[in-house]
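For this chain, numbers begin at 1 and follow the sequence in order. Computed from a predicted structure; not experimentally measured.
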Amino acid sequence: MLTLHRIGWPSIAVAAAMLMSAMPAQAAGIPPSGEVATSPNVSHVANVPKPAGLENTINTDIAFQGDYAYVGNYGGFSIYDISRPDRTKVISSVVCPGSQMDVSVYGNLLFTAVDSSRNNDSCGSVGQVASVKESWEGVRIFDISDKKSPKYVKAVETDCGSHTLTLVPGKGRDRRNVYLYASSYNPSASFPDCRPPHDKISVIKVPLRSPADAAVVSTPVVFPDGGNETQPGLLLPTSGCHDITVYAEKDVAAGACMGDGVLFDISDRENPVITARVTDPNFAFWHSATFNNAGTKVVFTDELGGGGAATCNEATGPNRGADAVYDIRGGRLVFRSYFKISRHQADTENCVAHNGSLIPVKGKDIMVQAWYQGGISILDFTDSAHPREIGFFERGPEPNGGGGGIWSAYYYNGHIYGSDFHHGLDVVRINDRRTDPARGVRLDRLNVQTQASYHQGRNH
């Protein structure tokens with residue numbers, strides 16, 4: 001979700017929600033409020049409500065390790081036991097406010113992103129405007145060796161906060177370290193720690209043996225000549241990246257950078273460099289990216305409306321607020337097609353392309369993706385020019401035209417997990433000959449923005 005200021009919910013989402021509440025709903029083909037609908041090949045396995053303490057703040061991203069899922073929330077995070085997906089249960093939760101709470105996990109460490117100004121870096125902090133020099137935002141690190149009682153280890157402040165974070169493992173002699181790419185944007189002359197021009201990311205180095213020594217080691221300017229700032233219809237001019245997905249073993253990353261889609265060379269972990277760049281007149285806000293397993297394609301998403309608007313209705317059309325599928329040829333990004341769910345949503349439903357992951361099927365390019373109130377979509381983009389939905393899960397509109405929906409939808413070890421704003425964690429299963437081979441791939445860890453190649457058998 002787009003952040004337009006540094007405390008609380010984005011103003012654009014609030015304005016859009018007020019507008020949508022005054023609009024009539026489209027009734028045809030739309031489930032009743034709160035009712036679940038699925039394609040014939042998808043089943044709803046379980047739903048686990050948000051735990052006490054986090055019930056009034058929204059769920060966001062998910063990371064996985066072993067038999068556990070780590071679910072971010074604007075108010076903190078929760079750890080779920082998913083050893084039996086149909087009996088998924090909360091093990092513990094930590095109240096530690098600070099949106100968006102993007103999460104990544106590595107060993108006994110959990111990393112969380114904070115992009116709302118706080119009066120300090122503690123879990124007891126409260127919102128404080130970024131114009132106050134002493135305000136804090138950035139990355140928090142937790143020790144999760146005891147799943148029932150996570151411990152706060154360290155906070156690292158970053159310029160303009162950390163809207164999202166991407167974990168990048170070190171390589172060679174550097175394997176005892178991991179790096180975090182903190183993406184942030186939307187600077188202001190009135191913010192002492194977030195002044196224009198920004199156009200950069202913050203790189204945090206985390207020594208795995210001494211995570212309390214984590215620190216920012218570089219702030220590479222990824223748009224030294226400025227990004228896309230003048231295109232008509234942009235939600236915001238480029239002033240950094242919204243999210244970065246790395247394919248570490250290939251030393252490449254894809255950046256969704258507001259008005260620009262880019263490829264990075266990350267062979268030097270501390271100094272990623274843009275090697276290819278594209279813009280699209282139909283894209284309002286480049287939000288996230290997913291490589292195929294071969295690293296020959298990338299799917300970018302457009303967060304039209306900032307996540308608060310009804311953009312999956314007939315009036316918006318098929319090309320705006322869509323995915324864009326690109327082939328990577330000779331280091332260049334070559335546009336092939338758009339994909340957007342064809343299940344028109346009500347005019348009261350905030351719906352937009354959001355976070356997703358690959359379903360690991362050898363020789364095929366299939367992914368699952370969240371669409372806020374558009375639910376969960378399973379997309380086959382093996383044919384780059386003709387992507388198509390092969391399954392879905394969704395709920396009817398929120399009561400009284402309220403906002404909500406699935407923030408992140410990821411495939412992990414045989415099931416799809418969806419993090420819903422209000423309804424908690426959904427567990428979904430697809431039974432389809434096209435995706436059934438994925439059950440032979442077992443992962444020990446999944447940070448979706450840290451892609452790794454898969455094969456039939458156990459992955460690490």
Side-chain angles (χ1 to χ4, degrees), residues 1-2 163-164 166 181 183 185 201 222-223 227-228 231 233-236 238 240-247 250 252-264 266 272 274-307 311-312 316 318-329 331-341 351-358 365-372 374 377 379-389 407-410 448-451:
M1 178 177 284
L2 174 66
H163 193 72
T164 62
T166 303
Y181 290 173
S183 294
Y185 55 89
I201 64 174
V222 295
F223 294 103
N228 181 10
Q231 176 184 308
L234 287 180
L235 206 57
L236 287 172
T238 299
C241 291
H242 177 274
D243 208 351
I244 296 171
T245 296
V246 301
Y247 205 149
K250 297 181 181 293
V252 66
C257 300
M258 305 179 70
D260 297 83
V262 304
L263 292 179
F264 289 99
I266 60 166
I274 289 179
T275 58
R277 176 178 164 193
V278 292
T279 60
D280 186 323
N282 281 318
F283 262 45
F285 192 83
W286 297 69
H287 177 274
S288 53
T290 303
F291 288 102
N292 68 337
N293 189 52
T296 58
K297 303 175 187 178
V298 61
V299 177
F300 287 102
T301 68
D302 176 21
E303 195 180 43
L304 178 67
T311 66
C312 298
T316 304
N319 295 339
R320 298 178 62 243
D323 295 338
V325 183
Y326 283 81
D327 286 348
I328 301 173
R329 298 178 184 169
R332 297 182 302 113
L333 289 165
V334 179
F335 174 80
R336 297 302 308 282
S337 65
Y338 294 115
F339 169 80
K340 189 173 181 181
I341 58 172
C351 175
V352 73
H354 221 244
N355 296 346
S357 75
L358 290 182
D365 299 325
I366 301 175
M367 67 179 288
V368 57
Q369 184 180 356
W371 286 80
Y372 278 10
S377 176
L379 163 67
D380 186 335
F381 64 104
T382 306
D383 181 347
S384 302
H386 301 95
R388 59 197 179 105
E389 183 176 81
W407 180 289
S408 300
Y410 301 145
V448 169
Q449 285 74 40
T450 310
Q451 284 192 228

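Atom CZ of F300 sits about 5.5 Å away from atom CH2 of W286, to the nearest 0.5 Å. Interatomic distance, OH of Y181 versus CD1 of I244, reported as 7.5 Å (0.5 Å rounding). Taken to the nearest 0.5 Å, the CZ atom of F283 stands 13.0 Å off from the CG atom of L235.
Remark: the backbone N or O of R329 is not paired with any side-chain donor or acceptor of D327 at under 3.5 angstrom. Side-chain atoms of H287 never come within 3.5 Å of backbone atoms of D302 as a donor-acceptor pair (strictly under, hydrogens ignored). Side chain of Q231 to backbone of D280: a donor-acceptor contact under 3.5 angstrom is found. A donor-acceptor pair is defined here as one N or O able to donate and one able to accept, closer than 3.5 Å; no such pair exists between the side chain of T311 and the backbone of G321.
Checking Q449 against T245 by side-chain atom types alone, no donor-acceptor pair falls below 3.5 Å. Side-chain atoms of Q369 and H354 form no donor-acceptor pair, as typed in the model, at a separation below 3.5 Å. For D243 and S183, the side-chain atoms include no donor-acceptor pair closer than 3.5 Å.
Salt bridge status for D323 with K340: absent, with no side-chain N to carboxylate O gap under 4.0 Å. Between R277 and D260 there is a salt bridge, since a side-chain N of the basic residue sits under 4.0 Å from a carboxylate O of the acidic one.
Residue R320 places its CZ atom among 12 or fewer non-hydrogen atoms of other residues, nucleotides or ligands, all under 6.0 Å distant.
A ring-centre distance under 6.0 Å is found for Y185 and F285.
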